[in-house]
> 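Dropping a structure here in structure tokens format, bear with me for questions.
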Amino acid sequence: MNNPARNARTLRTDVAVIGSGLGAVAAALAAARAGRHVVLAAPNHRLGGQATTQLVPALDEHPHVETGGVSASYRAFRDLIRGQYGGVANPGGGWVSRLCFEPTAAVHAIDALLAPHVSSGRLSILTGVTAHSVRREGTRLTSVRVRADTDGAPVTDLFAQVFCDATEAGDLLPLAGAPWAVGSEGSDAHGEPLALPGGPRPDAVQSCTVGFVVEHDPALRSHPMAGPAPEGYGRWRDSQPFTLEIAGWDDRTHRYRMFEDGPDGHPPFWTYRRLRDGATLGGPDAALINWAGNDYADRSSIDHPEEAYTEAKRLSAAFLHWLRTECPRDDGGHGYPGLTLAPHIAGTADGYAEEPYLRESRRLQSTTPIRQQDLEPVPGQARAANRPDSGGLALYHMDLHTRIGHAASAYAPTAPFQVPLSSLVAAEPGNLLAAAKNLAATQVAASAYRVHHGEWAVGEAAGALAAQSCARSLTPADLIADRRELTLIQAVLAADGVPLAWTLDVPPSDPQFVAVQLFAAAGALRGRRAAELNVRPQDPADAEERHALHTAAARLLGDLDGAVPFGTGPSDSAVRWGDMAVTLLERVHQAPDQADAAASGSHV
């Protein structure tokens, strides 16, 4: 019998991205866009994770998404999806999101985004492979061994300068010997109100869901596939419980009907996550079923992934049986036997998700993780506390579903927040980056980053940081620790259309975008510009704002004490805020300490 280690092939690259989801796609795209060679090693044959194999192609986003708060590449992803439907704004018409669609649309959009880098030779994609072991030399990760989970499958040793863990459960962290955490840190750790009381509870992982897609044929008065109730049906029906009512974030019970508005005015359950609106697109409707009724919290999806998937799928089958047989009908009676699984929409053999939707991952462990308090509103300001090492943006409430052993869900609002680059860097090995839901955040804070655009933002920041690490021959930690190097990587991100601060009225197409992003992230927003998300760059800068801009310029140069550089001239009193930011940034770039860095081929 052949020894797979002897027969292993070797691939060498600049950046290796391990994972299939949106974080993996964004990381590979960012690193390849920066001119590095990238290998994307994906466990699944379809890329996209939440939007494809996990069957959540109803994007969980924020209310500003159509005009700002996401990167140019994420916007391109959304535009490519809509383009496949002739520009229809919401092909599914689902009310949970501004963009609901069939998984195939996400597959085609991702392929279109990655295709130029594949054809140029900068990006190589391996599908159907998982990481099985690693090799380390001191504090550096040197290679990751990947292979398909079949007997006799070829083995590949993937060597890279920087590795990005974009797996759904943070699988590379324990393999690489990186410190990690999972479950609740407990309220004792950081004083978070939403953390479980007391000390750490690593077993208290959030529920996962195996979604499924159904169509509805009202002519069916009985369903030929309904058959007997699935195993465990009675227990799950009563304990979940199966119902069209749900506990709302506002501490009220929200009541729904299947196809009509609910008794308290809520829109229909059917259109909640509808992926295909037959009235607009032709043909039948298709809806995703991802509801409290089929949230699975009996077993940890981190510790027991195969068992959790099997049982979560059985739970979903039980919920479907209830919908067909016992669900209260809008017209009286019980059950909708015309609900039929739609494999052709789901992209699977049976209409159920190929893998579970995980709301939680292993996370990088840090002495200073992102906490609940870091994402909460700041009095008098429109944003959460500023992170000077920002590498992107996200916005979603802290949404903790049932944690194993703890039935209650938990919710807290957030203010518009950022993705700190420092939260992506492993203490050891030093060339490993978090690129998905596994950033250094507490369970509570990570629940706000886990959604589609949040995962994309984390992956994109990680990919750009990995590429810059290769270009500058510095570790990611060294890049972030040196303020001048941090300015360079942030300028690269902004030049690629990645916002670093919430400035809704300055889109990436604006010539002042890079300057506004760098200065805003460096702490230059004061007064009304801090109190609202529009920074009004065309308005004059008052004395306080001029001082803040000069102080930010000092910080961008690496003077962390904020000594005001370049002086202040009499013309400053009439200058527009955005023009002043542009002028000061030009001076920052011309400073002697920046000259060698700017000549290195960066986008600055």
> Kindly compute the distance separating CG (L80) from CZ (R75), expressed to the nearest 0.5 Å.
12.5 Å
> Does K437 come within less than 4.0 Å of E168, counting only side-chain N to carboxylate O?
yes
> Going by heavy atoms in the side chains, are V70 and L393 under 4.5 Å from each other?
no
> When you measure from the side chain of T209 to the backbone of G211, do you find a donor-acceptor pair of N or O atoms at a distance under 3.5 Å?
no
> Between the side chain of Q418 and the main-chain N/O of S390, is any donor-acceptor distance below 3.5 Å?
no
> Just so I know, are the side chains of R536 and R528 near enough to count as touching, which here means a heavy-atom distance under 4.5 Å?
yes
> Just by modelled atom types, is the R483 backbone N or O under 3.5 Å from a matching donor or acceptor in the R555 side chain?
no
> So that I know where these two stand, are Y256 and W291 an aromatic pair - ring centroids less than 6.0 Å apart?
yes
> For F417 together with W502, are the ring centres under 6.0 Å from each other?
no
> Hey, are D295 and T402 close enough side-chain-wise for a donor-acceptor pair under 3.5 Å?
no
> Measure the shortest side-chain to side-chain distance between L47 and T52 over non-hydrogen atoms and say whether it is less than 4.5 angstrom.
no
> Side-chain contact, heavy-atom cut-off 4.5 Å: R98 with V65?
yes
> Quick one, R33 with D496, criterion salt bridge (Lys or Arg N to Asp or Glu O under 4.0 Å). Give me CA distance, side-chain angles, the key distance, then yes/no.
CA-CA 9 Å; R33 185 174 65 209; D496 284 328; 3.4 Å; yes
> Quick check: closest heavy atoms across T253 and D264, and the distance to 0.1 Å?
O-OD2, 3.6 Å
> For S71, which residues count as a side chain to side chain donor-acceptor pair (under 3.5 Å) partner, sequence neighbours excluded?
S73, E460
> Would you say the ring centers of F519 and W577 fall short of 6.0 Å from each other?
no
> To check you understand the geometry: which heavy-atom pair defines the closest contact between I370 and P420, and what is its length?
CD1-CD, 3.7 Å
> Does the side chain of R362 come within less than 4.5 Å of D171's, by heavy atoms?
yes
> Report the residues that fulfil side chain to side chain donor-acceptor pair (under 3.5 Å) with E66, sequence neighbours left out, ordered by chain and then residue number.
R78, R82
> Between the side chains of R472 and D478, is the shortest nitrogen-to-carboxylate-oxygen separation below 4.0 Å, so that they form an ion pair?
no
> Does any non-hydrogen side-chain atom of F163 lie less than 4.5 Å from one of V15?
no
> So, R450 and D60, do they make that salt bridge, N to O below 4.0 Å?
no
> Does a side-chain heavy-atom distance below 4.5 Å link P507 with D510?
yes
> Without swapping roles, check the side chain of H64 against the backbone of G69 for a donor-acceptor pair under 3.5 Å.
no
> Salt bridge between E376 and R371, side-chain N to carboxylate O under 4.0 Å?
no
> Please determine whether ring pair (Phe, Tyr, Trp, His ring centres under 6.0 Å) holds for the pair H397 and Y411, giving the CA-CA distance in whole Å, both sets of side-chain angles, and the decisive distance to 0.1 Å.
CA-CA 7 Å; H397 43 269; Y411 170 93; 4.8 Å; yes
> Can a donor-acceptor pair be found between the side chains of E61 and Y74 at a distance below 3.5 Å?
yes
> Are any side-chain N or O atoms of T167 and backbone N or O atoms of G170, one a donor and one an acceptor, separated by less than 3.5 Å?
yes
> Compare every heavy atom of G92 with every heavy atom of D277, then report the nearest pair and how far apart it is.
CB-O, 3.6 Å
> Is there a donor in the side chain of E185 and an acceptor in the side chain of Q443, or the other way round, less than 3.5 Å apart?
no
> With no hydrogens and no angle check, do the side chains of Q517 and Q490 hold a donor and an acceptor under 3.5 Å apart?
no
> Side chains of D579 and Q512: donor-acceptor distance under 3.5 Å anywhere?
yes
> Could you tell me if the side chain of S469 sits less than 4.5 Å from the side chain of N431, heavy atoms only?
no
> Do N438 and S361 have a side chain donor and acceptor closer than 3.5 Å?
no
